[in-house]
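Single-structure report; data block below.
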Amino acid sequence: MTTLAAAAIIHGDPVSLDSSEPIRSEVVQRIQAEYMEMPGLRLTLSQAARLIGVNAHESERALSDLIECGFLRRDQNGVYRRRPCPRCS
């Protein structure tokens, strides 16, 4: 299987997310697009999975990728939200 690189945009800067599965890259991009389109969006794991139309495992992997690259954070209640832009504060 060919490795796909998904480009994530964090505060306007591209960040490379390597994925060995095309569907994972697509899920990462779709979740990121939702957060960029709706500032203040807050989703639980199950809500994100339903919104994107994937199972909880795929959603969790994509959300973890977005946390790892600094685009999202997860609070103590398990809610995922976009990290604030340091250049916008």
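Nothing here was measured: the structure is a model prediction, and the numbers come from that model.
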So, for Ser59 and Val54, which heavy atoms are closest and what is the spacing to 0.1 Å? N-CG2, 3.9 Å
Which atom pair, heavy atoms only, marks the closest approach of Arg74 to Ile67? CB-CD1, 3.9 Å
Approximate separation, where rounding is to 0.5 Å, of Arg61 CZ and Leu66 CG: 13.0 Å
Are the side chains of Leu45 and Leu63 in touch, meaning some heavy atoms are under 4.5 Å apart? yes
Do the side chain of Asn55 and the main chain of His57 share a donor and acceptor less than 3.5 angstrom apart? yes
Polar side-chain atom of Arg83 near backbone of Phe71 as donor-acceptor pair, under 3.5 Å: no
Quick note, side-chain hydrogen bond (donor to acceptor under 3.5 Å, both in side chains) partners involving residues 33-42, not counting sequence neighbours, are none
Test of understanding: with salt bridge (charged side-chain N to carboxylate O under 4.0 Å, His left out), list the residues that count as partners of Arg81, not counting sequence neighbours. Asp75
Separation of Leu51 CG from Met38 CE (nearest 0.5 Å): 6.0 Å
Nearest heavy-atom pair of Thr44 and Tyr80: which atoms, and what distance? C-CD1, 4.2 Å
Counting only heavy atoms from other residues, nucleotides and ligands, does the tally under 6.0 Å from CD of Glu68 exceed 12? no
Measuring only between side-chain heavy atoms, which start at C-beta, is Ser46 closer than 4.5 Å to Arg50? yes
With a 4.5 Å limit on heavy-atom distance, are the side chains of Arg82 and Arg73 in contact? no
